[in-house]
2 protein chains.
Amino acid sequence: MSKEELYKQNIIKQLYFERVLSATDLSSLIKKSIPYTTRLINALLDEDVITDNGLADSSGGRKPQTYSLIPGLKYIIAVAMDQFNTQVGLYDLHQQEVCPPKNIELPLANNTDALITLSNAVNDFISNSGINKSQIIGMGIGMPGFINTKKGINYSFLHIPKSNIISYLKKSTQLPTFIANDSSVFALAELRLGAAKNKKNVMVVNIGWGIGLGLILKGQLYNGENGFAGEFSHIPLFDNRRICSCGKMGCLETEGSLNVMVTKARQGIQEGQSTIIKFNEGEDNLSAASAVMHAASKGDRFAISIIYEIGYNIGRGLSILIHLMNPQLIVLGGLGIKAGHLWLAPIQQAINEHCIPILSEDTSMKLTTIGEQAGLIGAAALVMDNIESTNWSSIHTLSNS
Amino acid sequence: MSKEELYKQNIIKQLYFERVLSATDLSSLIKKSIPYTTRLINALLDEDVITDNGLADSSGGRKPQTYSLIPGLKYIIAVAMDQFNTQVGLYDLHQQEVCPPKNIELPLANNTDALITLSNAVNDFISNSGINKSQIIGMGIGMPGFINTKKGINYSFLHIPKSNIISYLKKSTQLPTFIANDSSVFALAELRLGAAKNKKNVMVVNIGWGIGLGLILKGQLYNGENGFAGEFSHIPLFDNRRICSCGKMGCLETEGSLNVMVTKARQGIQEGQSTIIKFNEGEDNLSAASAVMHAASKGDRFAISIIYEIGYNIGRGLSILIHLMNPQLIVLGGLGIKAGHLWLAPIQQAINEHCIPILSEDTSMKLTTIGEQAGLIGAAALVMDNIESTNWSSIHTLSNS
DNA sequence: GTAACTTATTAAATATATTATAAAGATGGT
DNA sequence: ACCATCTTTATAATATATTTAATAAGTTAC
C-alpha cells in the first residue's frame, strides 16, 4: 500500500472513532500539514468514502468544515465470547447496531466443534442481516484465554491442529479476522471510545469470574512479549491454601472475584446471616452474583460487606499495579459493574493502606460508562484498529461507473 | 532544529551506542532511504563530526564502508548517586573513561547543601580533567528517589524551593543536565549497551538495599504517568508486620533486599550458626553484605541459605511482574550481583512455584554483564538518549577556519 | 566462471511542508 | 448597527524533503 493510501486509511480510522472531524483536527491527528491533509480529504470525498458534514461552530474564527464517514458504506462483525456464551453483532461505521446482536450458547472447554459452531453462527447471522458480505470489512473477536494475537492462537481454548483460529475463520467466513483477549478488547473499547480516551496510562479492570486487566501504556494497548500480559487474576498475592482455577494457590482470583462473592454469600446465608439475598435451589453463579449485587445496591448490609471484602482484595492487587505502572487512571468494568460505586470505597481504602501516597495521589478511579455492549463495541474497534487494506470505495465506484 | 539536523542527531546517537555502522545499517536504524542517509552521512563527514572507519567484512556482497564518531570531539559528564556516596565520571564518545571517576561522600537525607556540593564537585572534576567545558555536551545523573524527569524534581531528596534540580545545575555548571531514577538509568544502560540491547520487553532488577526496577516495554524505557513507575521495592506482598523504610508494612523490601540479608546473617551468627562469615564490630551494611555474598560464593551453606530465602522472595515479586508484563527477559544487577549465579536458582524456583507455566516458559533470566560502572555508563547514555541540540562541529570548524 | 547477493551512486519522480494570502467569524467598543 | 482587531480556517504557489528506479561495483559460494 502506498504511503498516501496509508494516510487515507488513518483518516478513516480517526473518523471511525471520532465520528466528525475538521481538516485541522485530522491534520494534527495524522501529523501531516493542513494542505496535504486537505488533499487527502478531497481524494476521499471524490472516492465517496467520506462525506461533507457541514460547518461546525466557530471557536473564535472561521467555522470549520467537518467530515464524517458514510455509515452504510461498510460494516463490521463483532463477536464477544465468554466461556459459555457468545454474542455476535453487526455494526456500521458510526458504531451503531445494524440489527440486534445474537446470543448463542457455545461452551469453550473441551469443545472441538466450537469453531465450526462459531463460523456457522456468523455466516447465518450475516445472511439474516441482509447485508452483503462484500460490504463487511472484517470480524473482531474478544475471547477468554491466553492469546497470541498475531499468530491467531488461543492456548487455552479453540485449539486447531496444524492451523490457527484466524486462518480457519478467514477461510470459513471469508472475512479478515482479528482476535484478542476479552480484557484487551474491553481496554481497547475504553481507550478508543470510553473513559481512557486520549489518556496515556490507564489500567482497565474487568471484574468478573476472574479479574481481567487490560494495560494501556503510552496511549497504546500493551500485550507483552507473547500477548499474555495483564494476567492480573493469577498474581500470587495471598498466603491462603485455596486452589485457584489455574492450579496454583493464593492467586488474587481466590480472594477477589465474583465467584468468591457467590461463595461468601452462600456461606453467610447458611450461617444464618440476616440479609435480603435469596438464592433459589440450583441457582447458577451469574444470577447469584447479580442477586448479591442487587441486594447491595438496595442497602443490604451483608451484601455490602461482601463487596467490601472482595473490593478490598482487588484493591490490594491494584496497589501493586499502581506501584509498578504509575497509571493516571483505573477504570472498573465487567460483570461486577452492577454493584457500581460500591466498589470504589473498599478499593480506595486498600489503595490508601497499601500505596505510597505520592503514587496513589495522582491515580484516579472511574467506573466504565460503555455499558454491557463493551465487549461487542471493543471487538468492532479491534477491526478498525488493525485493518490495513480494504477497498473502501468499491461500491460507490461500481454505482458510479 | 530542521528535520535534517534532527536526522543527523539521530545518526550520531546510533553511532554512539553502536560505535561502528555502515550506511545501510544507519539507513534502516533511522528509517530513511539509503541515498538520503548517504547524503546525511556525507554532510557529517564534511563537518568532521564522524569519520570513515574503513571497510567491514562482507556478508555475501560488496564490503560496506563503515563510519564512527570521532571519540575526542565531545565528552559527557556522568554522575551516579546513592543515598550516601556520589561518583562523577567523564566519558568520550566511544564510552571510554577519560580520567578515573571520582568518589565523593554526599549524604542526601536532610542535606540542604547537597546540590551545592555536587555542582562544586562536578566543576572541580572538569577543571582537573583538562577537558574544555565547551567540549562537554551534557551531564547525566542517576539518583535515588521519586523523580519527575521532565520537571527536574526529585520528590524524595534534593528539594529546591521555587526551582528544580535541572535548572539549578544548568546554571551552576553551565551544562545541559538530565536526571533520572537510578534504576531507570541502570535499565537504560542495559537497553542500549547491555543484555537488553535490541530486546523489546525486559525487566531490569536492581538488587540493593531495596529492589529497584526499570521497565523496558516495546523497546523503550517506561516511566509511568509521573515518572514513578517501577516501585517494585514497595509492593505490598507479605503479611508480615515489619515496618518498611517507606512507612508501610509488608513491602517486598522487608523480606527481599540486602538489608534483610545482613539482618539474617547477624541473627544467625548470634544464634550460633556455623559459618565462615565474620563481622567486625560496628561493620557497616555494605561490607557486611559483601561478606555474606563472598562467603556464599565460597560455598558457605548458611550464607547460601540466606541468599536462597531472599532470592525466593524476590522471585515471588518477579512472578507478579511476569504475570502482569509478560517480559521476554529479566536482567539481574545491582550491588547484589556479587552473589552472581546464586540468585538464579531461588528466583527460578519461586517463579516455577508461582507462575502459570505458559507465562514463565518464555521469560529468560540473565545476570548483568555491564559491571560496577553500570550507573556511570547509564548516566552517560542518558545524555545521549535525550540530547537534542549540540553544536557538534564547532571545534573542527574553528580549527579548519 | 557465474549466479546470487550486498553495497554505493545518480538522476528522476514523488511526497510533503512552508509561506503568503484570502475568507469567515468572534469580540468588544462606539 | 457598524467598525477595528484578533482568531481560526482554507487554498494556492512555491520550496524542500524523500523515495524509487536504474545502474554500477565489489564479494561470496558453488
Side-chain angles (χ1 to χ4, degrees), chain A residues 1-15 18-47 49-68 198 388-389 392-393, chain B residues 1-15 18-47 49-68 198 388-389 392-393:
Chain A
M1 188 150 59
S2 78
K3 269 191 172 180
E4 191 162 316
E5 287 305 312
L6 222 68
Y7 300 147
K8 283 192 201 167
Q9 184 61 55
N10 196 354
I11 289 177
I12 291 170
K13 219 178 265 189
Q14 302 294 343
L15 284 172
E18 303 295 332
R19 284 199 183 80
V20 177
L21 290 168
S22 71
T24 310
D25 297 337
L26 281 166
S27 164
S28 62
L29 283 168
I30 72 170
K31 285 170 188 151
K32 297 288 144 189
S33 69
I34 290 177
Y36 190 46
T37 307
T38 306
R39 224 183 64 198
L40 297 170
I41 290 172
N42 288 334
L44 286 168
L45 284 168
D46 283 348
E47 293 162 20
V49 175
I50 66 175
T51 179
D52 195 310
N53 204 57
L55 298 172
D57 283 351
S58 160
S59 63
R62 178 171 169 175
K63 283 183 183 172
Q65 185 66 252
T66 61
Y67 307 92
S68 58
N198 301 321
E388 294 278 291
S389 70
W392 288 93
S393 52
Chain B
M1 188 150 60
S2 77
K3 269 192 172 179
E4 193 163 314
E5 289 304 313
L6 223 69
Y7 299 149
K8 283 191 199 170
Q9 185 62 56
N10 197 355
I11 288 178
I12 291 170
K13 219 177 267 190
Q14 302 294 342
L15 284 172
E18 303 294 332
R19 285 200 183 81
V20 177
L21 288 168
S22 70
T24 311
D25 296 337
L26 281 166
S27 164
S28 63
L29 284 169
I30 72 171
K31 284 170 190 154
K32 297 288 144 189
S33 68
I34 290 177
Y36 191 47
T37 307
T38 306
R39 225 184 61 199
L40 297 169
I41 289 172
N42 289 334
L44 286 168
L45 282 169
D46 283 347
E47 293 163 20
V49 175
I50 67 175
T51 178
D52 195 308
N53 203 57
L55 297 173
D57 282 352
S58 159
S59 62
R62 179 171 170 174
K63 283 183 181 171
Q65 186 65 253
T66 61
Y67 307 91
S68 58
N198 302 321
E388 293 278 290
S389 72
W392 287 94
S393 52

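Proteins come first, then strands; the chains are lettered A, B, ... in the order of their sequence lines, and each starts at number 1. Since this is a predicted model, take the numbers as computed values, not measurements.
- Between the CG atom in B:Asp52 and the OH atom in B:Tyr67 there is a gap of 6.0 Å [rounded to 0.5 Å].
- Here the side chain of B:Thr38 pairs a donor or acceptor atom with the backbone of B:Ile34 at under 3.5 angstrom.
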Shorter than 3.5 Å, N or O on both sides, protein versus nucleotides 28-30 of chain D: list them out with atom names.
none

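- Of the inter-residue distances, the one linking B:Gln9 atom CD with B:Ile12 atom CD1 reads 5.0 Å to the nearest 0.5 angstrom.
- Residues from residues 19-27 of chain A placing a heavy atom under 4.0 Å of any atom in DNA chain C do not occur.
- Here salt bridge (charged side-chain N to carboxylate O under 4.0 Å, His left out) pairs that include residues 32-45 of chain A, with residues two or more places apart or in two chains, are A:Glu4-A:Arg39.
- Across the protein-nucleic acid pair, B:Asn42 atom CG and C:dT10 atom C1' stand 13 Å apart, rounded to whole Å.
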Between protein and nucleotides 17-24 of chain D, what N or O pairs are separated by less than 3.5 Å?
unit_1: D:dT18; atom_1: OP1; unit_2: B:Tyr7; atom_2: OH; d: 2.5
unit_1: D:dT18; atom_1: OP2; unit_2: B:Tyr36; atom_2: OH; d: 2.0
unit_1: D:dT19; atom_1: OP2; unit_2: B:Ser33; atom_2: N; d: 2.8
unit_1: D:dT19; atom_1: OP2; unit_2: B:Ser33; atom_2: OG; d: 3.2

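- The side-chain heavy atoms of B:Thr37 and B:Ile41, taken from C-beta on, include a pair separated by under 4.5 Å.
- Annotation: salt bridge (charged side-chain N to carboxylate O under 4.0 Å, His left out) contacts involving residues 54-67 of chain B, sequence neighbours excluded, are absent.
- Here the straight-line distance linking atom CD1 of B:Ile50 with atom CG of B:Leu26 works out to 7.5 Å at 0.5 Å rounding.
- Remark: B:Glu47 CD to B:Leu45 CG distance equals 9.5 Å, nearest 0.5 Å.
- Rounded to whole Å, the distance from CG on B:Leu40 to C1' on D:dT16 is 14 Å.
- Applying the side-chain hydrogen bond (donor to acceptor under 3.5 Å, both in side chains) rule to A:Ser22 yields the partners A:Asp25; only residues at least two apart in sequence or on another chain are considered.
- What separates CG of A:Asp57 from P of D:dT8 is a distance of 15 Å, to the nearest Å.
- For the atom pair B:Tyr7 OH and B:Ile30 CD1, the distance stands at 8.0 Å (nearest 0.5 Å).
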